[in-house]
Amino acid sequence: MATTTKKNAAWHDEFTGGFVDAYKALKAMDRRQFAHQALSLAMIVCSAIMIWKGLILVTGSESPVVVVLSGSMEPAFYRGDILFLWLGSEPFKVGEIVVFKIKGRDIPIVHRILEVHEDENGEEKLLTKGDNNPVDDRGLYHTGQLWLTKDSILGRAKGFLPYLGMVTIILTDYPMFKYALVGIMGLFVLTAKKKKKKK
């Protein structure tokens with residue numbers, strides 16, 4: 001128990017010391033250095049946005065990467081798994097796992113296609129169900145809706161990384177962690193080059 005306490009104290013001191021050093025370095029910057037570092041941070045953010053937009057263009061999905069938020073698809077996928085989506089233009093098939101949005105709900109749902117049929121106009125209609133759920137999804141759809149159409153589908157699951165999305169879930173459930181992490185990352189990016197120059 002004492003060893004664990006010492007380790008926690010050492011980690012806390014190291015983390016706090018790093019934050020204090022970064023803060024002091026930021027205070028010591030002149031305006032020109034600060035502007036240069038702020039520009040570097042802005043370039044990182046812009047690069048991330050460009051990569052995201054590129055993925056949207058390539059995959060045809062407005063959300064090419066999603067995190068599984070519930071256990072409704074176990075054992076295929078578990079809470080915290082990251083899914084990579086591809087929309088494509090080919091017809092949907094029974095058994096495919098899709099991510100879809102529902103009117104009135106902000107969070108997309110990851111479920112498997114249970115039935116596919118075409119209406120009189122040739123439009124595909126889909127019925128979905130979670131592998132771990134006892135019934136289909138008609139109880140989740142918007143009031144009066146019996147089928148999903150293609151415009152509700154964000155993409156088909158084509159790959160996944162297990163549990164790596166738990167970080168996103170934690171940051172969503174506890175927003176203060178998110179704000180603190182973004183602030184600390186920004187602070188370290190702004191002060192990193194100054195430290196390198198001193199060395």
Side-chain angles (χ1 to χ4, degrees), residues 39-116 124-133 136-137 139-142 145 147-190 192:
L39 184 60
S40 297
L41 179 60
M43 287 177 65
I44 291 171
V45 172
C46 288
S47 297
I49 292 172
M50 287 173 66
I51 291 170
W52 182 255
K53 293 294 185 182
L55 284 173
I56 290 173
L57 188 64
V58 169
T59 63
S61 171
E62 65 183 71
S63 184
V65 181
V66 297
V67 176
V68 179
L69 298 178
S70 74
S72 65
M73 278 302 293
E74 294 178 7
F77 300 122
Y78 290 86
R79 189 170 191 258
D81 289 353
I82 292 178
L83 303 184
F84 300 99
L85 307 184
W86 177 277
L87 185 56
S89 57
E90 62 271 16
F92 292 98
K93 299 175 183 177
V94 172
E96 282 189 305
I97 296 173
V98 295
V99 178
F100 58 92
K101 57 187 178 181
I102 295 173
K103 185 178 179 182
R105 289 175 178 253
D106 295 329
I107 300 173
I109 298 172
V110 182
H111 280 174
R112 194 182 300 275
I113 297 176
L114 187 65
E115 293 181 32
V116 179
E124 281 185 302
K125 301 285 188 178
L126 313 176
L127 178 63
T128 54
K129 176 185 174 297
D131 289 358
N132 202 27
N133 290 348
D136 62 46
D137 290 340
L140 297 176
Y141 299 163
H142 189 64
Q145 183 179 1
W147 303 90
L148 293 175
T149 54
K150 187 173 181 178
D151 59 0
S152 300
I153 307 298
L154 296 178
R156 315 165 203 242
K158 292 297 185 181
F160 79 103
L161 290 173
Y163 300 115
L164 291 183
M166 285 304 297
V167 175
T168 303
I169 292 174
I170 292 169
L171 294 178
T172 302
D173 290 346
Y174 304 97
M176 289 307 295
F177 282 118
K178 178 168 61 179
Y179 302 138
L181 182 63
V182 170
I184 290 168
M185 287 174 64
L187 190 60
F188 280 118
V189 168
L190 287 172

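Any value given below was found using the heavy atoms of this structure, including those in side chains, with hydrogens, waters and symmetry copies removed.
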When rounded to the nearest 0.5 angstrom, what is the spacing between [atom1] in [X] and [atom2] in [Y]?
X: Lys129; Y: Asp131; atom1: NZ; atom2: CG; result: 6.5 Å
X: Tyr163; Y: Ile169; atom1: OH; atom2: CD1; result: 11.0 Å
X: Leu148; Y: Ile153; atom1: CG; atom2: CD1; result: 5.0 Å
X: Arg156; Y: Phe92; atom1: CZ; atom2: CZ; result: 4.5 Å
X: Ser70; Y: His111; atom1: OG; atom2: NE2; result: 5.5 Å
X: Lys158; Y: Ile97; atom1: NZ; atom2: CD1; result: 10.5 Å

I would like to know whether Thr128 and Leu114 meet side-chain contact (heavy atoms from CB on, under 4.5 Å); could you show each step before the answer? CA-CA 5 Å; Thr128 54; Leu114 187 65; 5.9 Å; no
Within the side chain of Ser61, is there an N or O that forms a donor-acceptor pair under 3.5 Å with the backbone of Leu154?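 It does hold such a pair.
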I'd like to know if the side chain of Arg112 reaches the main chain of Gly95, judged simply by a donor and an acceptor atom lying under 3.5 Å from each other, with no hydrogens or angles considered.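 Here the side-chain-to-backbone pair exists.
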Which heavy atom in [X] sits nearest to a heavy atom in [Y], and how many Å separate them?
X: Phe100; Y: Tyr141; value: CE1-CE2, 4.1 Å
X: Phe77; Y: Val68; value: CB-CG2, 4.1 Å
X: Pro108; Y: Asp106; value: CD-O, 3.6 Å
X: Leu85; Y: Gly155; value: CB-CA, 4.1 Å
X: Lys103; Y: His142; value: O-ND1, 3.5 Å
X: Leu87; Y: Gly60; value: CD2-O, 3.2 Å

Whether over 12 other heavy atoms sit under 6.0 Å from Ile107 CD1: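 Open: at most 12 neighbouring heavy atoms sit under 6.0 Å from CD1 of Ile107.
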Taking salt bridge (Lys or Arg N to Asp or Glu O under 4.0 Å) as the cut-off, I'd like each qualifying pair that reaches into residues 56-85, sequence neighbours left out, listed once.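 The answer is Glu62-Lys101, Arg79-Asp173.
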4.5 Å side-chain heavy-atom contact, Arg105 and Leu140: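 A side-chain contact under 4.5 Å exists here.
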With side-chain contact (heavy atoms from CB on, under 4.5 Å) as the test, would you mind laying out the steps for Leu57 and Lys53 before giving the verdict? CA-CA 6 Å; Leu57 188 64; Lys53 293 294 185 182; over 6 Å; no
Restricting to side chain to side chain contact (heavy atoms under 4.5 Å, CB included), what partner residues turn up for Val116, sequence neighbours left out?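 Val94, Ile113, Glu124, Leu126.
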Walk me through whether Asp136 and Glu115 qualify under side-chain contact (heavy atoms from CB on, under 4.5 Å). CA-CA 10 Å; Asp136 62 46; Glu115 293 181 32; over 6 Å; no
